2 protein chains.
Amino acid sequence: MVIASPENAVSPMDLRHLRYFIAVAEEGNIGRAAARMNISQPPLTRQIQQLEAELGVTLFTRTPRGMELTEAGVLFLEEARNIRSVVEQATERTQRAGQGKLGRLDVAIFGSGILDIIPKLLLAYKGRYPDVKIVLHTMHKGEQIEALRQRRISVGFNRILQPTPDITAELVTTEELLLAVNARHPLAQIEVVPFALLADHPLVLFPTGTRPSFIDTAIGLCRSAGFIPKVSQEVGDAVTAVALVASGFGLCLVPESATVLALPGVVYRPLRGVPEPSRVDLSCIYRSDNKSPILEGFLEEVRAFRATAMAPA
Amino acid sequence: MVIASPENAVSPMDLRHLRYFIAVAEEGNIGRAAARMNISQPPLTRQIQQLEAELGVTLFTRTPRGMELTEAGVLFLEEARNIRSVVEQATERTQRAGQGKLGRLDVAIFGSGILDIIPKLLLAYKGRYPDVKIVLHTMHKGEQIEALRQRRISVGFNRILQPTPDITAELVTTEELLLAVNARHPLAQIEVVPFALLADHPLVLFPTGTRPSFIDTAIGLCRSAGFIPKVSQEVGDAVTAVALVASGFGLCLVPESATVLALPGVVYRPLRGVPEPSRVDLSCIYRSDNKSPILEGFLEEVRAFRATAMAPA
DNA sequence: CGATCACCATACCTTAGAAGTATCGCATGG
DNA sequence: CCATGCGATACTTCTAAGGTATGGTGATCG
């Protein structure tokens with residue numbers, strides 16, 4: 001007595017069956033189809049018989065002139081072609097995803113970086129990888145690191161960083177420091193402002209938030225120059241700081257990319273005699289165990305950007 | 001030197017790869033996935049490696065705790081599940097088509113058949129095979145046979161038929177002959193009309209078109225009864241004939257199903273003393289070499305219909 | 001009207017490759 | 001530091017795909 005198995009399929013259908021079926025259906029003839037498939041006729045006959053047995057459906061009527069599709073066969077031909085194209089598309093999409101050309105990149109950004117450099121970088125990346133969807137998240141440094149650990153983002157941008165074993169940082173570019181000053185302020189009359197003069201004027205500092213950050217760089221520079229800066233106000237981000245400068249709230253040290261902020265009444269002046277380090281970095285951070293080809297492609301773009309951005313400097 | 005083949009795929013992907021991949025992705029672990037697939041662990045390891053090699057994409061990151069999908073792997077899992085369901089649906093649809101449950105049935109109909117019997121039959125069929133799309137074509141007998149030969153229709157309905165080797169006819173039902181007569185006509189006063197009385201009144205005959213047909217049956221009956229019918233008019237179909245009767249154009253012999261035509265002023269009277277054959281057949285015709293499971297299902301329905309329709313008679 | 005042709009089907013053999021067994025390597029955790 | 005759990009590898013076994021030869025059967029043509 002034969003035990004009734006839930007599925008009596010001796011050999012489950014696979015894509016070979018479909019390829020062979022399509023060939024036979026299109027050629028209308030097993031012999032020609034076999035030639036097209038680079039096999040001999042008998043195995044093809046058997047594969048078609050197997051397919052019919054597996055489906056429990058007669059797909060062809062055998063005539064002296066060849067194989068003619070039944071109604072069910074006509075339907076199955078459509079289905080088989082559809083399956084073939086679905087498989088092809090799945091393959092291609094997966095390959096593109098594996099090459100970092102398709103998918104999603106979650107990027108954390110912050111205040112002043114977003115003013116000029118990050119948009120340029122993202123634009124360049126998007127040009128090369130148009131099918132990667134970039135999702136931006138505004139986060140402070142602490143949040144960025146947390147989000148990287150939780151894999152909620154793939155890469156973050158920041159200025160000041162201390163390396164950790166699980167998070168790798170990579171320089172994007174460095175920027176000159178400039179003085180943002182109200183046009184009616186006395187220092188606005190000087191074309192190149194000596195750094196030491198800042199000792200006499202209150203500064204707007206930013207950002208408040210996770211330390212250390214740009215604010216510590218600014219304070220450190222003042223200390224190196226031998227003075228303690230007078231703080232007129234601490235604010236959250238560069239845009240707010242420059243806005244305060246525009247309304248006469250004092251002076252502000254900014255990275256040069258902040259000059260895209262053309263607020264009325266604000267002028268930017270280069271500094272002279274700035275203590276080392278006189279420049280400020282913009283870096284990106286990502287998981288050291290990164291395996292994502294999408295991030296890999298993005299980092300390549302970052303390196304290319306750094307090469308072009310820092311060569312003319 | 002190795003010859004560069006157009007497709008470097010050593011072993012093309014097949015559905016087994018997808019089944020295994022889905023199992024591993026869902027279990028997160030080759031061992032459990034192997035158990036689920038009723039195979040041992042090593043072959044599964046190899047199949048996954050093959051799939052990755054074939055795609056050229058790493059689908060899993062191997063961790064000490066198991067297999068974790070990469071981004072490309074996540075995408076491919078979606079794709080694989082989609083392919084699986086497309087294949088399942090294709091299989092099911094094809095099987096249904098093979099059982100005559102899915103597809104299309106082209107049916108040729110004619111004038112008086114469509115009045116009552118054919119609609120009932122089609123309705124019964126549609127109840128049992130809801131996914132077969134019935135397409136109706138109005139055709140005379142000659143056209144029907146031509147269309148059957150060209151496979152433009154699968155089945156046709158008609159009354160008079162002479163068998164041919166390639167076209168099989170099958171009785172659907174037989175109907176009593178009735179007299180359609182205007183209510184103001186003298187014969188309308190008689191409850192059961194003796195057939196011989198028709199000799200004195202002009203008849204509307206139908207259809208014009210391919211002979212022999214119902215018109216020849218009617219004329220034959222009159223001859224058998226010993227008179228030549230006076231013809232008031234020949235028309236194309238039963239509806240027109242009865243319409244003429246309604247407007248006082250004469251009498252008309254109709255199959256009993258024509259009584260659904262309740263035109264004002266028309267009454268139907270049974271006949272008495274009708275020469276043999278006193279009944280008229282409704283048959284369907286189809287190709288003798290029929291292989292279509294859809295038509296097979298339809299013919300079953302026809303036979304069931306005949307059994308119920310002729311039992312009470 | 002019979003030989004031939006063009007098909008598909010079957011029988012039997014060969015071989016590729018999928019599955020099984022045993023074992024290794026490696027990281028993790030008591 | 002050893003036990004555990006996991007994937008990878010080496011080697012064997014066996015299923016089933018592919019090949020060769022041949023049969024069977026309608027259609028075609030001299």
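The sequence lines fix the lettering, A, B, ..., with proteins before strands; numbering per chain opens at 1. From a predicted model like this one, the values you see are computed outputs, not experimental measurements.
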query = Do A/Arg62 side-chain and D/dG26 base share a donor-acceptor contact under 3.5 Å?
reply = no
Sugar-phosphate only, base, or nothing, as touched by B/Gln49 at under 4.0 Å among non-hydrogen atoms = sugar-phosphate
query = To the nearest Å, how far apart are B/Ile30 CD1 and D/dA8 P?
reply = 5 Å
request  = Specify the separation, in whole Å, of atom CE of B/Met37 and atom C1' of C/dG20.
outcome  = 17 Å
The helix from C/dC1-D/dG30 to C/dG30-D/dC1: angle between end helix axes, five pairs per end, rounded to 10 degrees = 10°
remark   = Assert: residue with more 5' nearest nucleotide on DNA chain D, out of A/Pro64 and A/Pro42, is A/Pro42
query = Do you see a donor-acceptor pair shorter than 3.5 Å between the side chains of B/Thr45 and B/Gln41?
reply = yes
inquiry  = Can you say whether a donor on the side chain of A/Gln47 sits under 3.5 Å from an acceptor on the base of D/dA17, or the other way round?
reply    = no
key: Heavy-atom donor-acceptor pair, B/Arg46 side-chain to D/dG7 base, under 3.5 Å   = no
message = Using the side chain to side chain donor-acceptor pair (under 3.5 Å) definition, which of the options B/Arg128, B/Lys126, B/Arg306 pairs with B/Glu301?
response = B/Arg128
note = Within residues 20-27 of chain A, the residues having a heavy atom closer than 4.0 Å to DNA chain D are A/Tyr20
message = Output the rounded distance in Å from CD (B/Gln41) to P (C/dC24).
response = 15 Å
inquiry  = Could you check whether any side-chain N or O of A/Gln144 sits under 3.5 Å from a backbone N or O of A/Phe157, counting only pairs where one atom can act as donor and the other as acceptor?
reply    = yes
ask   = Over how many whole Å does the gap from A/Arg65 atom CZ to D/dT25 atom P extend?
value = 19 Å
message = Tell me if the centroids of the rings in A/Phe76 and A/Phe21 come within less than 6.0 Å of each other.
response = yes
ask   = Are B/Gln150 and B/Glu146 close enough that a side-chain donor and a side-chain acceptor fall under 3.5 Å?
value = yes
task = Rounded to the nearest 0.5 Å, what's the gap from OG1 on A/Thr94 to CG on B/Leu59? Could you check?
result = 7.0 Å
key: Within residues 66-78 of chain A: residues closer than 4.0 Å to DNA chain C (heavy atoms)   = A/Gly66, A/Met67
query = A/Phe60 CZ to C/dC7 P: how many Å, rounded?
reply = 15 Å
ask   = Can you tell me how far the CG atom of A/Asp281 sits from the CD1 atom of A/Ile160, to the nearest 0.5 Å?
value = 7.0 Å
query = Any luck finding a side-chain donor-acceptor pair between A/Thr70 and A/Thr58 under 3.5 Å?
reply = no
key: Phosphate OP1/OP2 of D/dG5 contacted by B/Asn29 side-chain N/O (<4.0 Å)   = no
query = For B/Val172, does its backbone N or O pair with a side-chain atom of B/Ser283 as donor and acceptor, under 3.5 Å?
reply = no
query = Does the base of D/dA17 carry an N or O that pairs as donor and acceptor with the side chain of A/Gln50 under 3.5 Å?
reply = no
key: N/O donor-acceptor pair under 3.5 Å between B/Arg62 side chain and B/Phe60 backbone   = yes
ask   = What integer distance in Å separates B/Ile39:CD1 from D/dA16:P?
value = 14 Å
ask   = Toward the 5' end of DNA chain D, which comes first, A/Asn38 or B/Gly28, by nearest nucleotide?
value = B/Gly28
query = A/Arg16 near the nucleic acid: base, sugar-phosphate alone, or nothing, with a heavy-atom cut-off under 4.0 Å?
reply = sugar-phosphate
query = Nearest-Å distance, CD1 (B/Ile48) to C1' (C/dA18)?
reply = 14 Å
inquiry  = Between B/Glu71 and A/Lys291, does any NZ, NE, NH1 or NH2 come within less than 4.0 Å of an OD or OE carboxylate oxygen?
reply    = no
task = For A/Asp216 and A/Ser213, indicate whether the former's side chain and the latter's backbone hold a donor-acceptor pair under 3.5 Å.
result = yes
inquiry  = Can you measure B/Asp14 atom CG to C/dG17 atom P for me and round it to whole angstrom units?
reply    = 12 Å
